2 protein chains.
Amino acid sequence: MIAQAVRESGSVTVQELAELTGASEMTIRRDLDALAAQGVLERVRGGARTLLLRGEEPPFALRAREAVEAKRRIAAEVSSLIADGETVLLDSGTTCLEVARLLHQRPVTVMPLSLQAIHMLGDSPGPATLMVPGGRPRAAEGALTGPLTLASLSALRFDTGVVGCCGLSAAEGLTAYDLDDAAVKKASITSSRRIIVAADGSKLGRTAFAYVGPTTLLHTLVTDTTAPADEVAALEGAGTVVKIV
Amino acid sequence: MIAQAVRESGSVTVQELAELTGASEMTIRRDLDALAAQGVLERVRGGARTLLLRGEEPPFALRAREAVEAKRRIAAEVSSLIADGETVLLDSGTTCLEVARLLHQRPVTVMPLSLQAIHMLGDSPGPATLMVPGGRPRAAEGALTGPLTLASLSALRFDTGVVGCCGLSAAEGLTAYDLDDAAVKKASITSSRRIIVAADGSKLGRTAFAYVGPTTLLHTLVTDTTAPADEVAALEGAGTVVKIV
DNA sequence: CATAACGAACATGCTCTATGTTTGAAATCT
DNA sequence: AGATTTCAAACATAGAGCATGTTCGTTATG
């Protein structure tokens with residue numbers, strides 16, 4: 001409730017939240033501190049403020065709470081496109097984290113590009129084989145980037161690359177918010193025989209700062225029903241198979 | 001208590017453990033299942049059996065419970081030898097995991113060679129900067145090995161390398177149980193300007209299967225008071241600084 | 001300087017987990 | 001095959017731990 005209130009109003013006071021939730025102000029303060037520590041919002045005296053400014057990328061902890069159902073469905077579809085025994089390269093991002101959860105139960109070899117996914121696949125033994133790429137983790141997201149990551153990618157070839165994105169349009173191609181991220185995605189595409197893009201509908205038709213490549217490099221797009229029809233049509237026209245779940 | 005009983009007797013029945021601990025047999029069974037899942041012991045009908053056979057390396061989950069106090073002290077000493085701002089290469093193993101815990105609070109750059117240490121340094125943001133090496137994690141230990149690991153190491157140079165070992169003697173040098181591990185340790189030593197060996201006293205004078213290198217490559221050894229005096233003297237004679245904590 | 005916000009400390013109620021018991025099923029031994 | 005032991009599921013219960021709320025002293029802010 002707090003996260004939603006902050007997202008909608010942009011800024012709320014402790015009193016407002018106490019009234020809204022029926023909890024005491026002390027509890028609200030404690031919850032705000034916890035949410036601030038998770039990077040969901042920013043604490044200010046008397047209340048809290050959203051971290052969402054201008055065209056910036058929303059923080060990871062915030063995105064992880066949005067559209068969870070859609071992400072799950074997309075992840076399930078992506079997983080079903082992957083055959084047993086494949087070697088899979090798995091991008092960073094919340095949707096790909098869901099894919100990691102599913103692939104953990106499958107006899108495949110996975111190299112994830114985020115710390116979170118490494119944890120998921122490495123903590124408990126499962127049928128999946130884990131490969132770790134090198135790199136420098138970027139902030140809360142845990143996305144691995146940098147020369148070590150690029151070197152790890154260039155040394156290997158994968159059957160399938162599952163990539164997320166911040167923006168995807170037929171006209172402007174695949175884009176990311178971060179330059180380093182974009183470089184990793186570029187290398188991922190180069191090192192994978194087949195590319196599956198996992199992106200919920202909100203990413204379609206959007207363009208972010210860093211250019212990764214044209215949509216002609218992408219073999220399959222898995223998205224949800226909120227995807228704009230014109231973009232879907234344009235992508236299919238450009239030769240990408242689109243699966244809507 | 002259960003882990004200790006199994007370690008000492010090699011094999012115990014559910015009844016014996018129930019008597020020993022005062023708990024019911026059902027509780028013992030549940031605990032045995034949990035310990036077996038953690039890899040501490042092996043479940044057999046009617047009781048449990050140790051996993052420790054012949055000259056094999058004890059399983060990670062078992063080693064993690066032994067000599068925790070000594071490991072902590074050794075880790076504290078190792079940490080004190082490292083200056084703020086250094087780049088540190090951190091080997092796999094339980095002692096080095098303790099070092100990771102301490103370095104997390106320090107403004108240093110750390111590249112750990114085990115999944116466990118990556119988790120420790122990557123989960124919560126701290127003053128330490130994390131670098132992740134590539135590699136394939138080996139079983140429960142989470143030690144990263146293989147060509148990707150070696151490539152990551154050869155691409156970098158560290159101020160200090162903290163290495164663990166399975167055996168260390170002035171006569172036979174530094175040894176490990178696993179060939180791949182030994183290769184990583186060799187590369188670690190090559191890529192680090194200064195080498196600190198963290199090894200409790202039980203490792204001294206022991207020799208394991210895979211040879212890593214002579215003790216002349218090692219600058220400092222941190223061990224505990226259980227280290228045999230003759231080995232310590234021999235190592236100091238060979239030019240290694242020995243710190244006993 | 002006054003007021004609001006905060007944080008620490010303590011009390012309380014709740015939830016969740018660990019434990020124990022029972023019972024029927026499964027495995028082992030004779 | 002029959003007898004006996006071991007096991008696992010189901011349920012009841014006690015305890016620990018956590019979230020919450022209150023109070024009060026401290027700290028920021030206008």
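Values in this document were obtained by computation on a predicted structure and should not be read as measured data. Sequence lines set the chain letters: A, B, ... in the order given, protein chains first and strands last, and positions in each chain run from 1.
- Not one N or O on the side chain of A:D91 forms a donor-acceptor pair closer than 3.5 Å with the backbone of A:V162.
- Closest approach to the B:R29 side chain among D:dG21, D:dT6, C:dG20 is made by D:dT6 (side chain taken as heavy atoms from C-beta onward).
- A salt bridge does not link B:R136 to B:D180: none of the charged side-chain nitrogens sits closer than 4.0 Å to a carboxylate oxygen.
- The interatomic distance linking A:E25 (CD) with C:dA5 (C1') rounds to 9 Å, in whole Å.
- A:R29 and A:E25 are joined by a salt bridge, as a carboxylate oxygen and a charged side-chain nitrogen come within less than 4.0 angstrom of each other.
- Considering only side-chain atoms of B:S24, the nucleotide from D:dA8, C:dC6, C:dG20 that sits closest is C:dG20.
- Take the nearest nucleotide of DNA chain D for B:G47 and for A:M26: the residue whose nucleotide is more 5' is B:G47.
- Residue A:R30 places no side-chain atom within donor-acceptor reach of the base of C:dG7, judged by atom type and a 3.5 Å distance cut-off alone.
- Look at CE on B:M1: it is 13 Å from P on C:dT19, rounded to the nearest Å.
- Proximity of A:R43 to the phosphate of C:dC6: a side-chain N or O atom is located under 4.0 Å from OP1 or OP2.
- For the pair B:D33 CG and C:dT19 P, the computed distance is 13 Å after rounding to whole Å.
- Within 3.5 Å, no donor on the side chain of B:R45 pairs with an acceptor on the base of C:dT28, nor the reverse.
- Of the possible donor and acceptor atoms, none in the side chain of A:T175 sits under 3.5 Å from a partner among the backbone N and O of A:T207.
- Side-chain atoms of B:D31 lie closest to C:dT19 of the nucleotides C:dG20, C:dT19, D:dC7.
- Within the 4.0 Å cut-off from OP1 or OP2 of D:dT5, not a single side-chain nitrogen or oxygen of B:Q15 is found.
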